[in-house]
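None of the values given here were measured: they were computed from a predicted structure.
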Amino acid sequence: MTGSRPLRPRLRALRPKAFGADPSGARLERIRRSPNFADGVFQNPVGARNRPSGSMTEFAKIYFQREQRVRRSPAAPIPVHPTTLADLAKPPATGLRLTWMGHSSVLAEIDGRRVLFDPVWGERCSPFPFAGPKRLHPVPVPLAALGPVDVVVISHDHYDHLDLPTIKELAGTDTIFAVPLGVGAHLERWGVPADRLHELDWNESTEIAGLSLTATPARHFCGRGLRNQQHTLWASWVVAGDEHRIYHSGDTGYFPGFKEIGAEHGPFDATMIQIGAYSEYWPDIHMTPEEGMRAHLDLQGGTPQGTMLPIHWGTFNLALHPWDEPGEGTLTAAEGAGAAVALPIPGQPFEPGASGAPHTPWWRPFVAGAATGGRIDGPSSVPPLGAGAVAGTAARVGSAAAGGQEKPESVGS
């Protein structure tokens, strides 16, 4: 028809904004030249299945079993640290402070600079505001109240790590973004200027605000839209200042590369390690708590030095395991290894290696079936929970699960 637009651009215009954009032009040419790109897709450092394996019948049995569904959510509202803003107004005495905001979102204050990893402030990790995994606790502090951030670091483009509403808000600031190769296409579509993007392949480094940032390998995968072209890379990250070094794992299965990263860039004052949303149905792309501790030790040259902060748990229901299992597993693994592990409630700042770092299992009073509340390693203003409150909220959780509100892991986290 005369004057009609070509079909492909018209279809592209109808694509939901949350799906982001496919790399094209010079960005796509750079992707094709990457040593980590072959046969039309990015490759993992070692083989990995990125789709569920095993019997889907057995998977469905576990998923719809009512008792198991109740255990996958907390039985009462999860507390958040109420004085985050006041705490962040004071510079860290040691020069290094971490604030876990939930899931994989961490504010790192390192040698006078501020780095925000995988910020997800949205209510759901989903392309749609009405469906998908909903957060289990509020964000500890409004994004606008954090103050200036020197660099935002993204590990990969799954919805629980790259959040459209959050990125659009950050696009209106002066912050710089460090992202894996290809992910910049999403950010540019959402309003981030190209001159504020540092897009890295594995083992490439950049300098931002006096910090060295290096994209390091991870064992995972990518994709946001209906067509997963595997044209965006996934990465872990090393950030080094004048006095401190930290590591953020992003999402990854265990692989021997942790030893290589540690030998090249470690040891680290702190590691932020994914320990949740694992399953025997996708064993290659997410780590169990035991594997997470093994990765931490590998990164530290085999010795239990530095502090491990467990991430990627407690905020969204993304797997079949009980809500509290990643925390308990990490605590057990740390005790067995003699390693220091930090266990803050969401929003609770701490300085790795300093006295007073949170280390007790704050989550236990909020587990379905807990008989009573109790003290947690957090602010005194969070009251203990009575048995009635726990039981009542557990009933509500069970009712919601029975009504089909819970969403299963899509192997896209």
Side-chain angles (χ1 to χ4, degrees), residues 48 71-74 78 98-106 108 117-118 120 125 133 135-137 155-156 158 160-161 218-220 234 236-237 246-255 257-258 261-262 268 270-300 304 306-346 348 350 352 357-364 366-367 377 409 411 413:
R71 287 293 310 279
R72 291 199 288 273
S73 294
I78 302 171
L98 302 180
T99 306
W100 179 53
M101 298 296 179
H103 202 57
S104 295
S105 302
V106 182
F117 291 96
D118 283 358
V120 174
C125 52
R135 64 170 52 250
L136 303 174
H137 63 79
S155 65
H156 63 297
H158 286 154
D160 56 325
H161 298 260
R219 191 185 185 202
H220 199 56
W234 48 97
S236 56
W237 287 87
I246 56 177
Y247 171 87
H248 189 284
S249 71
D251 277 2
T252 180
Y254 180 81
F255 72 114
F258 292 116
I261 294 169
F268 299 96
T271 66
M272 296 156 273
I273 304 291
Q274 172 262 305
I275 52 88
Y278 48 84
S279 174
E280 62 183 8
Y281 293 98
W282 47 87
D284 298 336
I285 56 172
H286 281 177
M287 291 190 291
T288 66
E290 295 76 18
E291 290 171 325
M293 178 54 64
R294 185 178 171 191
H296 169 74
L297 296 175
D298 286 353
L299 290 160
Q300 304 290 36
T307 299
M308 173 182 162
L309 170 63
I311 60 172
H312 202 269
W313 77 289
T315 302
F316 297 106
N317 187 344
L318 298 175
L320 297 176
H321 58 65
W323 167 75
D324 60 310
E325 188 176 277
E328 293 291 349
T330 300
L331 190 59
T332 299
E335 291 171 349
V341 61
L343 301 171
I345 66 171
Q348 183 179 7
F350 72 95
H359 62 275
T360 58
W362 60 267
W363 56 85
R364 286 179 180 169
F366 309 98
V367 176
D377 187 23
E409 163 68 66
V411 202
S413 63

Return the minimal non-hydrogen interatomic distance between Gly338 and Pro304, and the atom names on each side.
O-CB, 3.5 Å
Donor-acceptor pair, Trp323 side chain versus Trp313 backbone, under 3.5 Å?
no
For the backbone of Gln274 and the side chain of Ser249, can you confirm whether one donor and one acceptor N or O come within less than 3.5 Å of each other?
yes
Heavy-atom distance under 4.5 Å between the side chains of Ser104 and Phe117, does that happen here?
no
Under a 4.0 Å N-O cut-off, is there an ion pair linking Arg364 with Asp324?
no
In terms of heavy-atom contacts, Thr307 and Phe350 come closest through CG2-CE1, 4.4 Å
Drop me the distance from Thr330's OG1 to Glu325's CD, to the nearest 0.5 angstrom.
10.0 Å
Thr315 meets the side-chain hydrogen bond (donor to acceptor under 3.5 Å, both in side chains) criterion, sequence neighbours left out, with His137
Going by the angle between their ring planes, with limits at 30° and 60°, are His158 and His156 parallel, tilted or perpendicular?
perpendicular
All heavy atoms of Asn317 vs all of Ala319, minimum pair found to be OD1-O, 3.4 Å
I need the minimum non-hydrogen distance between Ala334 and Val341, along with the two atoms involved.
CB-CG1, 3.5 Å
Which value, rounded to the nearest 0.5 Å, describes the distance between Gln348 atom CD and Leu98 atom CG?
12.0 Å
Taking the side chain as every heavy atom from C-beta outward, state whether Pro346 and Trp362 have any atom pair closer than 4.5 Å.
yes
Drop me the distance from Ser236's OG to Ile261's CD1, to the nearest 0.5 angstrom.
4.0 Å
Using side-chain heavy atoms (C-beta onward) and a distance below 4.5 Å, is Pro344 in contact with Trp100?
yes
Can you see whether His312 engages Asp251 through a side-chain donor-acceptor pair at a distance of less than 3.5 angstrom?
yes
In terms of heavy-atom contacts, Gly276 and Pro326 come closest through CA-CG, 4.1 Å
Would you find a donor on one side and an acceptor on the other, under 3.5 Å apart, between the side chain of Glu290 and the backbone of Ala333?
no
Where do Val120 and Phe316 land on the side-chain contact (heavy atoms from CB on, under 4.5 Å) test, with the steps shown first?
CA-CA 11 Å; Val120 174; Phe316 297 106; 4.1 Å; yes
Asp298 versus Tyr254, side-chain donor and acceptor atoms under 3.5 Å
yes
Taking atom OG of Ser279 and atom CG of Leu320, what is their separation to the nearest 0.5 Å?
5.0 Å
Quiz question: by atom type and distance under 3.5 Å, do the side chains of Ser155 and Asp118 form a donor-acceptor pair?
yes
Do Phe258 and Thr252 touch side chain to side chain, with heavy atoms closer than 4.5 Å?
yes
Considering residues at least two apart in sequence or located in another chain, which fulfil the ring-ring contact (aromatic ring centres under 6.0 Å, His included) criterion with Tyr278?
His321
Would you call the rings of His220 and His286 parallel, tilted or perpendicular, where under 30° means parallel and over 60° means perpendicular?
parallel
Are Pro133 and Asp160 side-chain neighbours, meaning at least one heavy-atom pair lies under 4.5 Å?
no
Sub-4.5 Å side-chain heavy-atom contact between Ile275 and Met308:
yes
Quick one: does His248's side chain have a donor or acceptor within less than 3.5 Å of a partner on Gly250's backbone?
yes
Is there side-chain contact between Leu309 and Ile273, with heavy atoms separated by less than 4.5 Å?
no
Say whether Glu328 and Trp363, considering side chains only, have a donor N or O and an acceptor N or O under 3.5 Å apart.
yes
Side-chain touch Arg219/Asp284, heavy atoms, less than 4.5 angstrom:
yes
Separation between OH of Tyr247 and OG1 of Thr271, rounded to the nearest 0.5 Å:
8.5 Å
Between Glu291 and Thr288 (side chain of the first, backbone of the second, donor and acceptor by atom type, cut-off under 3.5 Å), is there such a pair?
yes
